[in-house]
Amino acid sequence: MKGDSSSKRKPLRLIAVSDLIQNIRPVEWLVEGFIEQQCLALMFGDPGCGKSFIAVDIACSVATGRPWFGRRVSVPGV
């Protein structure tokens with residue numbers, strides 16, 4: 001189709017692994033060893049297995065800065 005934005009896409013460019021690992025930074029943990037800062041996390045499981053309870057529990061620990069099951073927690077913006 002004329003004027004279709006898909007016709008203006010740039011070609012896919014391959015990047016060498018050596019280029020990707022040049023500027024690797026150490027992991028910054030939100031919940032030590034469990035959830036990284038600045039990432040998208042996913043929790044999954046059977047219905048009724050406690051996912052929402054765990055998510056709220058982690059959120060409360062992060063909000064207060066208190067450890068979550070012995071894991072250090074980073075409070076964003078502090």
Side-chain angles (χ1 to χ4, degrees):
M1 293 175 63
K2 274 190 173 178
D4 188 0
S5 62
S6 64
S7 64
K8 297 178 184 180
R9 291 183 182 167
K10 294 181 181 179
L12 181 64
R13 186 174 69 101
L14 298 177
I15 300 172
V17 172
S18 59
D19 292 339
L20 290 174
I21 63 173
Q22 271 184 334
N23 298 317
I24 290 182
R25 296 174 295 191
V27 174
E28 295 180 26
W29 294 106
L30 182 64
V31 178
E32 183 182 32
F34 195 67
I35 302 174
E36 294 180 31
Q37 289 187 24
Q38 301 295 315
C39 77
L40 176 65
L42 169 70
M43 195 178 326
F44 63 91
D46 292 331
C49 71
K51 299 179 299 291
S52 296
F53 178 80
I54 291 172
V56 169
D57 193 39
I58 292 170
C60 288
S61 290
V62 170
T64 61
R66 303 189 93 188
W68 184 74
F69 283 91
R71 298 171 187 262
R72 280 183 292 190
V73 172
S74 174
V75 180
V78 176

Note to self: On a heavy-atom basis, which atom in V62 and which in V75 lie closest, and how many Å separate them?
What the structure shows: O-CG2, 3.4 Å

Note to self: Test: ring pair (Phe, Tyr, Trp, His ring centres under 6.0 Å). Region: residues 33-68. Which pairs qualify, not counting sequence neighbours?
What the structure shows: F34-W68

Next item on the list: Mind listing the closest non-hydrogen atom pair of S61 and P67 along with its distance?
Entry: OG-O, 3.7 Å

Using atom types as modelled, flag every donor-acceptor pair under 3.5 Å from a side chain in residues 19-29 to any protein atom, sequence neighbours excluded.
none

Next item on the list: Could you list all the ring pair (Phe, Tyr, Trp, His ring centres under 6.0 Å) pairs where at least one residue sits in residues 8-28, not counting sequence neighbours?
Entry: none

Check: Restricting to pairs with a member in residues 41-70, which pass salt bridge (Lys or Arg N to Asp or Glu O under 4.0 Å), not counting sequence neighbours?
Finding: none

Next item on the list: Name all pairs fulfilling the ring pair (Phe, Tyr, Trp, His ring centres under 6.0 Å) condition that reach into residues 8-27, sequence neighbours left out, sorted by first residue then second.
Entry: none

Checklist line | Nonpolar side-chain network containing L12, other nodes, edges under 4.5 Å | finding: none

Checklist line | Pairs flagged by salt bridge (Lys or Arg N to Asp or Glu O under 4.0 Å) wherever residues 67-77 is involved - sequence neighbours left out | finding: E32-R72

